[in-house]
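Below is one structure, written out as structure tokens; comments come after it.
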Amino acid sequence: MARTAQDICVIVPTIREYECMRAYFENARAHDFDLDRLHVVLVTEDFCDTEEMQAMLDEEGVSGDVYDGTSRKAWFERHGVGEYNHLVPEASHAQTSFGLLYMWANDFEYGVFIDDDTLPHDEFDFFGRHLDNLQYEGEVTGVSSDEQWVNVLYQNEDEHGLYPRGYPYSAMDETVETEPVEVDDVVASQGLWTNVPDLDAVRILMDGDLQGQAQTRTSAEDFGEDFVAREGNYLTVCSMNLAFRREVIPAFYQLPMDDNEWDVGRFDDIWSGVFLKRACDVLGTQIYNGDPLCEHNKAPRSTFSDLTNEVHGLELNEHVWEIIDDAGADADSYAGVFEAMAHELADGDFADYENGAFLNQVGEYMLDWLTCLDELDATAAPKQGVPTTGDD
């Protein structure tokens, strides 16, 4: 199958452990994956050593750029979308949205999110397996529950009792059903994680851990066959180990967190996953879950610090999926479904929820996201291949 060189944009938010990317590049070499297909975008901050980050990419012989806050702002201006700079919050994991805009402006076919506190498992061809998942057609396990939510850790939940960050508390103790289903249009591949599970602060505290990591750990034995959440069921989508097709970007904005007057944080990838799953259900596409696993090595930090970032959005997280559950039913594109969900939020009355007005702002930012993508399309010069410098 013919393909374009550098057809994969690898997006890595990082302020500390960018050297982890060497392990991903070594994994690719060990499995004979063509590194020339990758263009890496390191999204960082002005206080970080961007020259060292660029030097690491150069030493590895991998195409890539480094964007701190100043260079991101310049990128927006250079592309004629400076008024949308607010879409990417300061000092937030949600800066991964900048990578999506970069990817959109440069016509990459695939995107990969990698967190800098992860490492690949040697037994998996990390990039190759994600691309195989995105190409997969055939039978896979379909999972559903009576709560309309699928716990991505369901396979050994009886043993470890874990529910991932973002899973609604009201949807716990669900009855799980599995049966084979046919998939023919996979648009996202979520790899799961061993070692430190991706839990919220409340669950970490309940697990008896004050260092933000959880005492209970996961291993490869906790994961069995790959699966999809069946239509009408939601799931948590964590961006630490995730590949996706370009076409989903209009419905995959990583929601504005941390840098807002309500101090809501930590739900950027969770809510974007909810919205993407709704769009997939409308359009008949799928999110594939399971391998390739990564090793999550979350650094110790105060569990109460995470709790401070999460608590302002906990109630909203219980309801945001219900608000958009019927939106965009007649839409025929990711942008169309996303616009319908955006209006549900932007125009809704959420006064009964703590910090409910934040949902109105989220809806407004979602509409700005779609407009920004349209303007990037309108102002784009004819493409001459994907650039390999930050001067695109």
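For the 3.5 Å distance criterion, the side chains of Ser219 and Glu221 qualify, holding a donor opposite an acceptor. With no hydrogens or angles considered, no side-chain donor-acceptor pair links Asn233 and Gln148 at under 3.5 Å. Defined by atom type and a distance below 3.5 Å, a donor-acceptor pair is present between the side-chain atoms of Thr216 and Asp207. With no hydrogens or angles considered, no side-chain donor-acceptor pair links His39 and Asp7 at under 3.5 Å. Between the side chains of Asp200 and Tyr169, a donor-acceptor pair is found at a separation under 3.5 Å. Side chains of Glu83 and Asn85: a donor-acceptor N/O pair is absent below 3.5 angstrom, by distance only. Side chains of Asp68 and Thr50: a donor-acceptor N/O pair is absent below 3.5 angstrom, by distance only. Between the side chains of His130 and Ser189, at least one donor N or O lies within less than 3.5 Å of an accepting N or O.
A donor-acceptor contact shorter than 3.5 Å is absent between the side chain of Tyr234 and the backbone of Arg278. Judged by distance alone, with hydrogens and angles left aside, the side-chain atoms of Thr44 form a donor-acceptor pair with the main-chain N or O of Thr14 at under 3.5 Å.
The side chain to side chain donor-acceptor pair (under 3.5 Å) analysis of residues 364-374, with sequence neighbours excluded, yields the pairs His86-Asp368. Listed by first and then second residue, the salt bridge (Lys or Arg N to Asp or Glu O under 4.0 Å) pairs involving residues 238-250 are Asp107-Arg246 (not counting sequence neighbours).
Partners of Asp122 according to the side-chain contact (heavy atoms from CB on, under 4.5 Å) rule, which considers only residues two or more places apart in sequence or in another chain, do not exist here. Partners of Glu159 according to the salt bridge (charged side-chain N to carboxylate O under 4.0 Å, His left out) rule, which considers only residues two or more places apart in sequence or in another chain, do not exist here. Not counting sequence neighbours, the partners of Glu231 by the side-chain contact (heavy atoms from CB on, under 4.5 Å) test are Asp281. Asn317 pairs by the side-chain contact (heavy atoms from CB on, under 4.5 Å) definition with Phe267, Ile270, Trp271, not counting sequence neighbours. With sequence neighbours left out, Glu26 forms a salt bridge (charged side-chain N to carboxylate O under 4.0 Å, His left out) with Arg29. Qualifying ring pair (Phe, Tyr, Trp, His ring centres under 6.0 Å) partners for Tyr353, counting only residues two or more places apart in sequence or in other chains: His319. With sequence neighbours left out, the side-chain contact (heavy atoms from CB on, under 4.5 Å) criterion links Glu123 to His121.
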Hey, can you pull the donor-acceptor pairs under 3.5 Å for the side chains in residues 329-351, sequence neighbours left out?
unit_1: Ser333; atom_1: OG; unit_2: Gly336; atom_2: N; d: 2.9
unit_1: Tyr334; atom_1: OH; unit_2: Thr285; atom_2: OG1; d: 2.9
unit_1: Asp349; atom_1: OD1; unit_2: Ala351; atom_2: N; d: 3.2

Counting only pairs under 3.5 Å, give me each side-chain donor-acceptor contact of residues 249-260, with atom names and distances, residues two or more places apart or in other chains.
unit_1: Tyr253; atom_1: OH; unit_2: Leu87; atom_2: O; d: 2.8
unit_1: Gln254; atom_1: NE2; unit_2: Phe252; atom_2: O; d: 2.9
unit_1: Gln254; atom_1: NE2; unit_2: Ser272; atom_2: OG; d: 3.0
unit_1: Asp258; atom_1: OD2; unit_2: Ser92; atom_2: OG; d: 2.7
unit_1: Asn260; atom_1: OD1; unit_2: Trp262; atom_2: N; d: 3.1
unit_1: Asn260; atom_1: OD1; unit_2: Asp263; atom_2: N; d: 2.8
unit_1: Asn260; atom_1: OD1; unit_2: Val264; atom_2: N; d: 3.0
unit_1: Asn260; atom_1: ND2; unit_2: Val264; atom_2: O; d: 2.9

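Taking the six-membered ring for Trp and the full ring otherwise, Phe227 and Tyr288 have centroids separated by 6.0 Å or more. In this structure, Tyr102 has its ring center under 6.0 Å from that of Tyr67. The aromatic ring centroids of Tyr24 and Phe126 lie less than 6.0 Å from each other.
The environment of Glu177 atom CD is sparse: at most 12 non-hydrogen atoms of other residues, nucleotides or ligands sit within 6.0 angstrom. The local environment of CE in Met206 is sparse, with at most 12 non-hydrogen atoms from other residues, nucleotides or ligands closer than 6.0 Å. Counting non-hydrogen atoms of other residues, nucleotides and ligands closer than 6.0 Å to CD of Glu51 gives a total of 12 or fewer.
Residues Tyr110 and Gln135 come closest through the heavy atom pair OH-NE2, 2.7 Å. Scanning all heavy atoms of the two residues, the minimum distance from Met103 to Cys9 falls at CG-CB, 4.0 Å.
Here CE of Met240 is found 6.5 Å from CG of Asp117. Values are rounded to the nearest 0.5 Å.
Salt-bridge formation is detected for the pair Arg266/Asp306: a Lys NZ or Arg NE/NH1/NH2 atom is positioned less than 4.0 Å from an Asp or Glu carboxylate oxygen. A salt bridge between Arg165 and Glu310 is absent, with no side-chain N of the basic residue lying under 4.0 Å from a carboxylate O of the acidic one.
A continuous path of Ile, Leu, Val, Met, Phe, Trp and Tyr side chains, each step under 4.5 Å between heavy atoms, connects Met172 with Tyr154, placing both in one hydrophobic cluster.
The side-chain hydrogen bond (donor to acceptor under 3.5 Å, both in side chains) with Asn195 is formed by just one residue from the set Lys298, Arg217, Gln213, Glu295; it is Arg217.
The hydrophobic cluster around Leu119 extends to none of the other residues, as no ILVMFWY side-chain heavy atom falls under 4.5 Å of it.
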